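Heavy-atom basis, side chains included; hydrogens, waters and symmetry copies ignored. Everything numeric here is computed off the predicted structure, so don't read it as measured data. Sequence lines set the chain letters: A, B, ... in the order given, protein chains first and strands last, and positions in each chain run from 1.
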Protein chains: 2
Amino acid sequence: MSQTPVDVDPRVRRSREAVLAASVALFVAGGPRAVTVDAVSEESGVAKTTIYRHWRDRAHLLADTYRACLPVVPVPDDGRGPQEALRDVVRCLVRGMGQEPTRPALPHLIATPLDPVESRALPADVMDQTFAPLVLSIQRAASSGVIPPDTDAMEAKHQLVGFIIMSAIDPACAMDDVLADRITDLFIRGRQGQGQ
Amino acid sequence: MSQTPVDVDPRVRRSREAVLAASVALFVAGGPRAVTVDAVSEESGVAKTTIYRHWRDRAHLLADTYRACLPVVPVPDDGRGPQEALRDVVRCLVRGMGQEPTRPALPHLIATPLDPVESRALPADVMDQTFAPLVLSIQRAASSGVIPPDTDAMEAKHQLVGFIIMSAIDPACAMDDVLADRITDLFIRGRQGQGQ
DNA sequence: GGCTTATGCTACGCTACCGTAGCGTACTAC
DNA sequence: GTAGTACGCTACGGTAGCGTAGCATAAGCC
């Protein structure tokens, strides 16, 4: 539902894209609460009745909006070695989190799944999928000895993701590869010298 | 406004406390959106008109609710040395974030200040005050050489706060001194071995 | 016990939002 | 060109929430 096929009536395609773009803009600016069907209609120029022709109700529209705000992080290339793979994933994550629309939407992305009303049509693990490649990289780094083999992958994930998200929330922070590499280095160094 | 004096009419005191308790419970369960005056009235057993006698409008009530959800972290004792002081602050922060009502309210605490509607009556730096003691400890640790003197205090804050918050958001995570000390150790070790 | 004051209750008016119905128009595909 | 279909528009009915008014009651203070 979040991906519109190419070979459809161009009118449908236009409407869907306009609606989703407006919806994302509203979500970024004011969170789930700002994504009202009336506001989306006005912002997009698409009639409210048309919106309801494409989405069953507001909850389904919000679910698609939420997904559209999450960055896509590719699964790390296995060929480059575990340390480089981890570095790459962190770079992708930092860049993704630093970009529009993710960055300004971040606080809302964190809070929405917990809202008992807004999370109705939202799969419980949408957010987790974004960090799946990172967890994979952490596990590979552990099993290959870059970090201790007994590393708690969830704890390590909290450590890295927390650092990245807090940086992205701070508007003064540059979300570039320099930061990404610093995060990776501080992470690995802290784990390496570990006297179990 | 968030602290009710002791020497007032006990009826006022009772009402204020009942309202704030109900308001916090609703905020925890459903975020700022769930804190409606009608819901608070029903949940607390205090008449809606009485609520409006104590708070100018819903925004002011929400501001007090927000503050009531934040943990209080004492300024570190200077006598114990910078490393122990940092350890203490992180312990307090971890415990505070792990407790009710802060823990379940955390995602909402992060998102609310960014909501253009909900943040109306919310001072911009309420959240920052919670982490001020941590920043102080980081600066002392830096100036005393526990971590490099040229440490970026804001970056270090993101690193520590991010780790703590992500742990607190994960319901499977135990927010105790063991975790706090691990967080501190991983932080310091990563910074110490740093090859400028 | 009597005065003061906080509270409870009911009933408002107003606004925003959800989701639907019906009908005319404009676009697309063939 | 013509049929099919997506779209826009207007107008609903219903609900939830905000903030207020007026009056009766009950609690606290001396």
For atom CZ of B:Arg13 and atom P of D:dA27, their distance in whole Å: 19 Å
Sequence neighbours excluded, every pair satisfying side chain to side chain donor-acceptor pair (under 3.5 Å) that has a member inside residues 25-42 of chain B: A:Glu118-B:Arg33, B:Asp38-B:Lys48
Any A:His54 side-chain N or O less than 4.0 Å from OP1/OP2 of D:dC7: yes
N/O donor-acceptor pair under 3.5 Å between A:Asp176 side chain and A:Leu179 backbone: yes
Donor-acceptor contact below 3.5 Å, side chain B:Arg91 vs main chain B:Asp177: no
Sorted by number, the residues of residues 38-50 of chain A with heavy-atom contact under 4.0 Å to DNA chain D: A:Gly45, A:Val46, A:Ala47, A:Thr49, A:Thr50
With B:Glu43 via salt bridge (Lys or Arg N to Asp or Glu O under 4.0 Å) - residues at least two apart: none
A:His158: ring-ring contact (aromatic ring centres under 6.0 Å, His included) partners, not counting sequence neighbours: none
Residues which pass salt bridge (Lys or Arg N to Asp or Glu O under 4.0 Å) with A:Asp152, listed by chain and number, not counting sequence neighbours: none
Opening and closing nucleotides of DNA chain C in contact with chain A, under 4.0 Å to non-hydrogen atoms: C:dC17 to C:dA29
Salt bridge (Lys or Arg N to Asp or Glu O under 4.0 Å) between B:Asp64 and B:Arg67, worked out: CA-CA 5 Å; B:Asp64 280 356; B:Arg67 273 186 281 265; 3.2 Å; yes
If you restrict it to nitrogen or oxygen atoms, what contacts under 3.5 Å exist between nucleotides 28-30 of chain D and the protein, and what is each distance?
| from | atom 1 | to | atom 2 | distance (Å) |
| --- | --- | --- | --- | --- |
| D:dG28 | OP1 | B:Arg14 | NH1 | 3.3 |
| D:dG28 | OP1 | B:Arg14 | NH2 | 3.0 |

Interatomic distance, A:Leu106 atom CG to A:Ser167 atom OG [nearest 0.5 angstrom]: 10.5 Å
Pairs touching residues 82-137 of chain B that satisfy ring pair (Phe, Tyr, Trp, His ring centres under 6.0 Å), sequence neighbours left out: B:Phe27-B:His108
Residues that B:Arg53 engages under salt bridge (Lys or Arg N to Asp or Glu O under 4.0 Å), provided they are two or more places apart: none
Terminal helix-axis angle for the helix from C:dG1-D:dC30 to C:dC30-D:dG1, with five pairs defining each axis and rounding to 10 degrees: 40°
Pairing residues for A:Ala47 by the side-chain contact (heavy atoms from CB on, under 4.5 Å) criterion, not counting sequence neighbours: A:Thr49, A:Thr50
Heavy-atom donor-acceptor pair, A:Asp57 side chain to A:His60 backbone, under 3.5 Å: yes
Sequence-distant partners of A:Ser144, side-chain contact (heavy atoms from CB on, under 4.5 Å), two or more places apart: A:Pro82, A:Val146
Given DNA chain D, 5'-ward residue of the pair B:Ala59 and B:Arg53, judged by closest heavy atom: B:Ala59
